[in-house]
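Here is how names work: the chains are called A, B, and so on, in the same order as the sequence lines, proteins then strands, and each is numbered from 1. Just so you know, these numbers come straight off a predicted model, no measurement behind them.
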Amino acid sequence: MTRDSFDLFGKPAAPPASRSVPVMVPLPVPGPYSYAVPDGMPVFPGSVVQVPVGPRKVIGIVWDESAQDGNVPARKLRPIEHVFDCPPVSDEMRKFIQWVAGYTLTPPGLVARMAVRAPAALDPEPMVEGLVLTGETPDRLTPARKRVLEMAENSAGWTRLGLARAVGVSASVIDTMMKKGVFDTVFLPPPPIVGTPDADHAPPVLSGDQAEAAEALRDLVAEGGFGVTLIDGVTGSGKTEVYFEAVAETLKRGKQVLILLPEIALTSVFLKRFEDRFGAKPGEWHSDLPPRMREKVWRQTAEGAVRVVAGARSALFLPFQELGLIIVDEEHDSAYKQEDRVFYNARDMAVVRSRIGGFPAVLASATPSVESQVNAMAGRYERLHLPGRFAEAAMPDLKTVDLRRHPPQRGGFLSPVMLSAIKDTVGRGEQALLFLNRRGYAPLTLCRVCGHRFQCPNCASWLVEHRFRGQLMCHHCGHAEPVPEACPECGTLDHLAACGPGVERIAEEVEQHFPDKRTIILSSDMAGGVKRLRLELDAVANGEADIVIGTQLVAKGHNFPLMTLVGVVDADIGLSNGDPRAAERTFQLLSQVTGRAGRTGRKSIGLIQTYQPSHPVMQAIISGDADAFYEREIAEREKTSLPPFGRLAAVIVSSENRSDAENHARGLRAAAPPSATIDILGPAEAPLALIRGRYRFRLLVHARRSDDVQGYLSAMLDKGPKPRGSIHVQLDIDPQSFL
DNA sequence: AGCACGCCGACT
DNA sequence: GTCGGCGTGCTC
């Protein structure tokens, strides 16, 4: 404490507020707040700081001077408390945050918060204590000491415990040597979490088409500048190998790379493939990363030590220093949509991120989204097509099983055709996969006496029986209750009937037919969480099961080399629920799931149980003619004004009464362009409609005051003041709006 | 987003 | 008579 900091009365002198800066704080307010900069504090745009907001302290990002609100009375200004010792959030990133906030109508502070979500990473990782040889030799050179010396001479940078473990001696050996002056301790920077990937580590052998596509991507990277490439080709056509070449080229140019994957596809298999190609693992980013690791990835990405991140959608908000390429794998996957707090589609925001950064984006999928198809057709995206599977990986032989002609036996759901195929497959020692996109035992339970159907008290959906847990669960809101013995309506005991199949019920049927085979259910509600699930997926890949009954997640990114039969239990699910994307989604799902078979070189088959074998989706799957399917689908969407061509539509979700909602709707209709359709949905039905994607443009308003609602739409249309209150907006892709 | 304040219903 | 519901306002 210097004398200068006290005045004559011994009180600290107030810091002169010579300067103030805008700071983006994690609050739902329209823009940054102003804060005083204490003298000598090194603060500039992008600095990550701690500031007081009311009684609490928050992390904020110093924003650009131009965002300064000059109307804040000087006496309100409070000083910045701390500048974190970490690289500043780049100009690009700040622009990106601002853009995303504008596009999604989210308060910018809430978007900014996603970029600084590893708080403990904001100050540097502690240095680790390391050992260096002093040149002294221990007086007595025991075998253990000799090995320690050799190891330490061969490579530097050992920690005390690391060296002991590497040599296979106890730490006390090292301790004694330290006492005798053999080692000195120094402080070393913390070790990088991953090695540096080497573009030339193991270049792949590519087929003609692949080599051509890879060349095109390399050129794109070499040229630099923004551009989007859609690369499509069936499972096994080598998309990953091809886009790895774009990664390699970017690495050679000294830039960082982001590979976005749906969370479930971030498997050890993918990481292994990357490591095989580049000789080091990519940084990993997903929701169940342990906090310590999360911090390290965040920091080392910011510092540039991590060159490639493979991550789920939120990796888009990592503070890359010099990002030069984004890959969006499985770009059609709905897991890219975030539907809480900030509503965004990471695929589209990735395109925006690369446009702002002036570098290429690559979208990859075996079954591209209709949105991306349309963008490619319109010439906004380049297109690279990888034909067929190469080498021995033949396409599976796909057939429909017409359930009208080959019905399952009473009480069952598997056609005799399916059962006999399973029998043949497991008889040969190969694996069979039965796909049913329905968790639990039965999707509907009713009373056989009075017809009572068990419904969720909060939502409009049926309660799904989970027999293993003994519960009835709502898959929409999470509500759960024990399975009652008596009907709550008429009181009759033991007359509840399970209607329809879920994976648990199929497993039961399979176990009846194949009691001596190993059957496993793979679904997202597996006990033990994601971790356990990953283990089980690996176990299946290693052949530790004969028959797998799986939900949607088996369709994604995981390869099961011994799988030679894929059976789709009910291909018709989801084709009749009023979702404009029903056909697209079903086509994608069935393509992906049937693609799980046939990667072995052995003959493999796919059987698709359906009541509508002539449906365009089934025809497309069987014939493998994806182009015809998309062509038809796009024409259909255009004709019926559905996404991505659909008219502007807003959905009001009002927790208030119907007449309030009518008032809101009147206000919105007055403010909206004539082409807009404004629908009113109640709190129960609205979330479902949103998830089903019935609208191209979705506006979810949680109105706190009725007169705010008009403001929401004017803000949405960018004419008028930003409204107050909480707004949740989700936008579907609008092919033109961000290019 | 979080938190405080303030005004009306069912309870120790 | 209080406890506590959520509607409203505020945070540089």
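Within the nucleic acid shown, A:P32 has no heavy atom closer than 4.0 Å to any nucleic acid atom.
Put simply, the side chain of A:I326 reaches to within 4.5 Å of the side chain of A:F359, judged on heavy atoms.
Every residue two or more places apart in sequence or in another chain that forms a salt bridge (charged side-chain N to carboxylate O under 4.0 Å, His left out) with A:E322 is listed here: A:R307. With sequence neighbours excluded, the residues forming a side-chain hydrogen bond (donor to acceptor under 3.5 Å, both in side chains) with A:E81 are A:K57, listed by chain and number. With sequence neighbours left out, A:D329 forms a salt bridge (charged side-chain N to carboxylate O under 4.0 Å, His left out) with no residue at all.
OP1 or OP2 of B:dG2 has not a single side-chain nitrogen or oxygen of A:R56 nearer than 4.0 Å.
Between the CE atom of A:M24 and the C1' atom of B:dA1 there is a distance of 15 Å, rounded to whole Å. Atom CD1 in A:I59 sits roughly 18 Å away from atom C1' in C:dC12 (whole-Å rounding). The distance between atom CG of A:L77 and atom P of C:dC12, rounded to the nearest whole Å, is 10 Å. Rounding to whole angstrom units, NZ of residue A:K76 and P of C:dC10 are separated by 9 Å. Rounded to whole Å, atom P of B:dA1 lies 11 Å from atom CZ of A:R117. For A:Y33 and B:dG2, the OH to C1' distance is 12 Å, given to the nearest whole Å. One interatomic measurement links the two molecules: CG of A:L27 to P of B:dA4, which rounds to 15 Å at whole-angstrom precision. Nucleotide B:dG2 holds its C1' atom 12 Å from the CG atom of A:L110, rounded to whole Å.
Pairs engaging residues 310-320 of chain A under the salt bridge (Lys or Arg N to Asp or Glu O under 4.0 Å) rule: none recorded [sequence neighbours left out].
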Given pairs defined as Watson-Crick or G-U wobble with both distances under 3.5 Å, what dot-bracket annotation applies to DNA chain B, with ( ) intrastrand, [ ] crossing, | other strand and . unpaired?
-> |||||||||||.

Show the atom names and distances, to 0.1 Å, of all donor-acceptor pairs under 3.5 Å that link a side chain in residues 21-32 of chain A to residues at least two apart or in another chain.
none

